Amino acid sequence: GDVLLKIAQGADMPLEGTCEGQMACSTCHVVVAPDWFDKLPRASEDEEDMLDLAAGVTRTSRLSCQIL
Ligand code: FES
């Protein structure tokens, strides 16, 4: 789902979410706090592949549209 994305957009965060959760862009890239990152389900291979294309990726990067 894209609940988190919607929340972040509502909060004026700089998230675009161009593909609206289809994992076809990386504009919804977020860096997750380490405490939260450990609690999330692991990224799928498709998500990892897309993250590889995102700018400024870190060890705890995720695509926000895939988290919720
Ligand atoms: Fe495009 Fe998340 S909105 S990958």
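None of the values given here were measured: they were computed from a predicted structure. Basis for what follows: all heavy atoms, side chains included, without hydrogens, waters or symmetry-related copies. Numbering of ligands and ligand atoms starts at 1, following listing order.
Ligand-side atoms of ligand 1 in range of Glu20: 3 (S), range being under 4.0 angstrom from any heavy atom.
At least one donor-acceptor pair closer than 3.5 Å links the side chain of His29 to the backbone N or O of Ala55.
Residue Cys19 counts as close to atom 1 (Fe) of ligand 1, with an N, O or S atom under 2.8 Å. Using a cut-off of 2.8 Å, one finds that Cys28 contributes no N/O/S atom close to atom 1 (Fe) of ligand 1.
In the hydrophobic clustering, where aliphatic and aromatic side chains (Ile, Leu, Val, Met, Phe, Trp, Tyr) are joined below 4.5 Å either directly or transitively, Leu63 groups with Met23, Met50, Leu51, Leu53.
One distance of note links SG of Cys28 with CD of Gln66; it measures 7.0 Å at 0.5 Å rounding.
Using a 4.0 Å cutoff on heavy atoms, Met50 does not count as a contact of ligand 1. Within the 4.0 Å heavy-atom shell around ligand 1 one finds Gly21.
Here the shortest heavy-atom pairing between Ser61 and Gly56 reads OG-O, 4.4 Å.
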Which donor-acceptor pairs under 3.5 Å do the side chains of residues 32-44 make with protein atoms, sequence neighbours left out?
| from | atom 1 | to | atom 2 | distance (Å) |
| --- | --- | --- | --- | --- |
| Lys39 | NZ | Asp35 | O | 3.4 |
| Ser44 | OG | Glu47 | N | 3.2 |

